Every structure is written in structure tokens, then in C-alpha cells.
Amino acid sequence: MQPDKKASFLYSLKAVFWSFFGLRRKSDFDTDSAKLNPLHIVIAALIGVAVFIGLLITVVKLVVAK
């Protein structure tokens, strides 16, 4: 029997992205628990938070700009 293949970092980014919006299918969630690397999830989440904060700051600066 083959061992389960671990997911790539790009797959982890995609999982974190959809999790930010709360749009994950149950089947995806079940496979994620077996495939995802916790280190990849932490790094992807930090990247996601940084991008989200950057977008918020940009929107606020555009709205407040004179």
C-alpha cells in the first residue's frame, strides 16, 4: 500500500484562502486533515493575514485620501 502523498504548499495556500471565506466542502476538509502539512498552513495563514491587512490599509488610504 502506498503512503498518503502530502499536499503541496500551493494546495495549502488554496485551503487557507477558502477557509478565510468559510467556503470549504466537507470532502475537502476531510482530505485536508490527512494531507496538509501544519507548517505550510501556518506560513500560508501568515501570508494571508499580511495580504488581508495590506488590502485593508490600501482601501482606507484610498477612501480617506483627499
Side-chain angles (χ1 to χ4, degrees):
M1 203 183 253
Q2 263 184 326
D4 289 335
K5 185 178 177 184
K6 290 291 183 183
S8 68
F9 183 70
L10 186 59
Y11 184 83
S12 298
L13 274 174
K14 184 176 112 177
V16 169
F17 173 76
W18 286 115
S19 296
F20 266 93
F21 296 106
L23 300 173
R24 294 291 287 167
R25 291 187 302 236
K26 177 148 175 43
S27 61
D28 288 339
F29 180 75
D30 293 339
T31 56
D32 288 350
S33 63
K35 288 178 124 181
L36 291 176
N37 182 349
L39 182 62
H40 287 175
I41 293 298
V42 170
I43 293 169
L46 291 173
I47 291 170
V49 167
V51 168
F52 181 69
I53 291 172
L55 283 171
L56 286 177
I57 290 171
T58 303
V59 167
V60 168
K61 285 187 177 189
L62 288 173
V63 170
V64 176
K66 294 181 179 180

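Position 1 is the first residue of the sequence, and the numbers go up from there. Predicted, not measured: the structure shown is a model, and the values here were computed from it.
- With sequence neighbours excluded, the residues that form a side-chain contact (heavy atoms from CB on, under 4.5 Å) with Leu62 are Thr58.
- Ile53 meets the side-chain contact (heavy atoms from CB on, under 4.5 Å) test with Val49, Ile57; sequence neighbours excluded.
- Residues meeting the ring pair (Phe, Tyr, Trp, His ring centres under 6.0 Å) test with Phe9, sequence neighbours left out: His40.
- In terms of hydrophobic clustering, with Ile, Leu, Val, Met, Phe, Trp and Tyr side chains grouped at heavy-atom distances under 4.5 Å, Ile47 and Leu55 are assigned to a common cluster.
- Looking at residues two or more places apart in sequence or on another chain, you find a side-chain contact (heavy atoms from CB on, under 4.5 Å) between Leu56 and Phe52.
- Applying the ring pair (Phe, Tyr, Trp, His ring centres under 6.0 Å) criterion to Phe17, with sequence neighbours excluded, gives Phe21.
- Scanning all heavy atoms of the two residues, the minimum distance from Ala44 to Val16 falls at CB-CG2, 3.8 Å.
- Residues that satisfy the side-chain contact (heavy atoms from CB on, under 4.5 Å) test with Leu36, not counting sequence neighbours, are Ala7, Tyr11, Ser12, Ala15, Asp32, Ile41.
- The hydrophobic cluster around Leu46 extends to Val42, counting ILVMFWY residues whose side-chain heavy atoms fall within less than 4.5 Å of a member.
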